[in-house]
Amino acid sequence: MNILGIDIGTTTVTALVLDTQKSEVSRACTLKNDSFIEGRAFEKLQNPNLIIETVKSAVKTVTESLTIDAIGITGQMHGLLYLDKDNTPCSPLMIWQDERGNEPYKNGLSYAEYLTKETGLKAASGFGLTTHFYNLINGEIPENAVMLCTIHDYLASLLTGTKPVTHSSDAASLGFYNLKENCFDENALSKVGIDKSFLPEVIKSTALAGKTVGDFLPEGIPVAVAIGDNQGSFLGSVADAENSVLVNVGTGSQVSFVTEKVEELSCGEIRPLTDDKYIFVGASLCGGRAYAILKAFFEKCAQMLGGKAENLYSIMDEKAESISDFSDLLTVNCQFCGTRENPKIRGSIENIGIENFTPENLILGTLKGVSKELFDMYESELTLLTAAPTTLVCSGNGLRKSEIWRRIFTEDFNMEATLPKHSEEAAVGACVFASVASGIFEDIKSAQNALLR
């Protein structure tokens, strides 16, 4: 059977077909998500209609002449899109990098800080309901808006002709979510004047959103409820969840592992996975983005000196690998965009000496800085584990493409490192989820055993 998986990422859109009989990705297409809209300095906006057109192009490429038996959808979490009464977008997509929640609000507090203080729940800039609160206070909710959802919730709605619903994996990412009750916290919403009717219905199980109505795919194909891309990556990467830790490096980066505990954390979040399972997630705002920032720095240096900068990522990896003496390395803190807990934090470079202040050391220090930030999050929450994990699963293009980066993560976490069987892990995870929602497999563990090993 063929399952179509769709992943709407921040910078790319992927569509692939997973053949369940062969446990292979038979076709895949990744296109640039070139939908950014220029806005105010603190805004990070994308055009939802352009995103959908990109999805259609990718889907057409991989499904031509194939019969599709189920569809799974995932995408960038935390983001916010307003819809009108006809389920049509009436705003840009305000993505997870949007910083309006960090703007000053009252009594010396930002919007995010105010929400956290008033509700007792973590509210960070970029969380959908933090963005929504800013819009509410400043009169920026479109007059014809009747609800909000994620971009991938909207895609599922578009395919099935139904009102958008949201899976608990995404609902929690919007904010003001009660994990123990597995629903939005109505008391917290009421305290800050957010109308619950704007929020989509929460689906807590491995379920279908409906069947295709024949827009750009044939009618009658089962479509699973869309899930968050962090959970999608976990489902598509980790075949042995109980004994594994997942590190993912994309634009941002995350460390994740399964837990049965729901409790207050010193850092990171507990997020719903599927049904009654949760994952701990430590998320950094800079993962591959940190390496991209360094690449841009080298490009500017080359331009300033009248040279050319080509194939820089491979050159940067080679230079990092050339360092044999690790006794006097630069210490690079890669919190260039702050953290969700403290957006005012900035990165730093320490231990600079006469001998080690070189491009090679700066490259290696940046790679190690991304790894160390995730390891520190992991180490701070070890009590959430029920058993000591033995395998480090390295996912995301950043780690797939860089052997030196994988070696650094292996050294920091002191575990055997493996790559997932399939690339484009989030889209594969959406297929895993859809295979259960559509009845192809009985449960997630059965699906992972069949598709990921």
Side-chain angles (χ1 to χ4, degrees), residues 6-14 31-58 73-103 105 110-112 115 123-159 163-166 170-171 173-176 194-195 197-200 215-216 226 228-229 250-252 285 289 337 340 343 426:
I6 302 169
D7 174 24
I8 303 175
T10 309
T11 56
T12 60
V13 169
T14 294
L31 301 177
K32 187 176 181 181
N33 183 358
D34 195 15
S35 64
F36 278 95
I37 301 170
E38 188 171 342
R40 292 168 291 186
F42 55 77
E43 291 181 310
K44 291 294 184 293
L45 309 173
Q46 291 183 328
N47 183 328
N49 297 316
L50 187 55
I51 289 174
I52 296 303
E53 290 306 311
T54 305
V55 169
K56 289 180 179 180
S57 295
I73 302 170
T74 186
Q76 49 178 299
M77 300 168 67
H78 305 294
L80 167 66
L81 176 66
Y82 290 113
L83 304 181
D84 65 19
K85 62 181 179 60
D86 298 317
N87 295 335
T88 301
C90 56
S91 75
L93 171 65
M94 291 154 262
I95 70 170
W96 60 278
Q97 294 171 328
D98 194 276
E99 296 181 349
R100 72 191 67 202
N102 291 333
E103 291 294 292
Y105 179 41
S110 69
Y111 288 86
L115 290 172
S125 190
F127 282 17
L129 290 182
T130 302
T131 301
H132 178 61
F133 179 74
Y134 174 96
N135 295 340
L136 176 67
I137 296 300
N138 291 280
E140 296 187 14
I141 299 173
E143 290 185 5
N144 56 338
V146 299
M147 73 173 298
L148 59 85
C149 65
T150 70
I151 184 63
H152 35 299
D153 291 338
Y154 169 62
L155 175 60
S157 167
L158 184 66
L159 286 173
K163 185 177 180 179
V165 296
T166 194
D170 267 316
S173 82
L174 293 175
F176 304 118
I194 294 178
D195 184 355
S197 69
F198 253 86
L199 307 183
D215 181 9
F216 57 94
D229 58 358
T251 305
L285 298 180
R289 189 178 185 183
C337 304
R340 291 210 180 277

- Task: Assess whether side-chain contact (heavy atoms from CB on, under 4.5 Å) is satisfied between Asn87 and Tyr154, documenting all intermediate values.
- Result: CA-CA 8 Å; Asn87 295 335; Tyr154 169 62; 5.5 Å; no
- Item | Residues Met94, Leu45; criterion side-chain contact (heavy atoms from CB on, under 4.5 Å); working and verdict | CA-CA 5 Å; Met94 291 154 262; Leu45 309 173; 3.5 Å; yes
According to ring-ring contact (aromatic ring centres under 6.0 Å, His included), who are the partners of [X], at least two apart in sequence or on a separate chain?
{"X": "His78", "answer": "Phe127"}
{"X": "Tyr105", "answer": "Tyr111, Tyr114, Phe133"}
{"X": "Phe42", "answer": "Tyr134"}

Going from [atom1] on [X] to [atom2] on [Y], what distance comes out if it is rounded to the nearest 0.5 angstrom?
{"X": "Leu81", "Y": "Ile151", "atom1": "CG", "atom2": "CD1", "answer": "5.5 Å"}
{"X": "Lys163", "Y": "Asp86", "atom1": "NZ", "atom2": "CG", "answer": "12.5 Å"}
{"X": "Lys85", "Y": "Cys90", "atom1": "NZ", "atom2": "SG", "answer": "11.5 Å"}
{"X": "Asn47", "Y": "Glu53", "atom1": "CG", "atom2": "CD", "answer": "9.5 Å"}
{"X": "Asp170", "Y": "Thr150", "atom1": "CG", "atom2": "OG1", "answer": "4.5 Å"}
{"X": "Asp34", "Y": "Ile51", "atom1": "CG", "atom2": "CD1", "answer": "10.5 Å"}

Looking at every heavy atom in both [X] and [Y], which two are closest together, and how far apart are they?
{"X": "Ser35", "Y": "Leu50", "result": "CA-CD2, 3.6 Å"}
{"X": "Asp215", "Y": "Leu158", "result": "OD2-CG, 4.0 Å"}
{"X": "His152", "Y": "Ile8", "result": "CA-CD1, 4.4 Å"}
{"X": "Asn33", "Y": "Gly9", "result": "ND2-O, 2.9 Å"}
{"X": "Asp7", "Y": "Gly75", "result": "OD1-CA, 3.8 Å"}
{"X": "Leu83", "Y": "Pro164", "result": "CD1-CG, 3.4 Å"}

- Verdict with supporting geometry, Leu148 and Leu129, side-chain contact (heavy atoms from CB on, under 4.5 Å): CA-CA 9 Å; Leu148 59 85; Leu129 290 182; 4.0 Å; yes
For the residue pair [X] and [Y], establish whether any side-chain heavy-atom pair is separated by less than 4.5 Å.
{"X": "Thr166", "Y": "Cys149", "value": "no"}
{"X": "Tyr82", "Y": "Leu80", "value": "yes"}
{"X": "Ser57", "Y": "Thr54", "value": "no"}
{"X": "Glu99", "Y": "Pro343", "value": "no"}
{"X": "His132", "Y": "Ile141", "value": "yes"}

- Task: List the steps, then state whether side-chain contact (heavy atoms from CB on, under 4.5 Å) holds for Leu174 with Leu199.
- Result: CA-CA 10 Å; Leu174 293 175; Leu199 307 183; 5.5 Å; no
- Would you indicate whether Lys56, at its atom NZ, is surrounded by more than 12 heavy atoms from other residues, nucleotides or ligands within a distance under 6.0 Å? yes
Any donor-acceptor pair under 3.5 Å from [X] side chain to [Y] backbone:
{"X": "Ser125", "Y": "Gly101", "result": "yes"}
{"X": "Asp98", "Y": "Lys44", "result": "yes"}
{"X": "Thr74", "Y": "Gly228", "result": "yes"}

- Task: Have a look at Trp96 and tell me which of Thr10, Thr131, Thr251 forms a side chain to side chain donor-acceptor pair (under 3.5 Å) with it.
- Result: Thr10
- Going by an N to O cut-off under 4.0 Å, is there a salt bridge joining Glu103 and Arg100? no
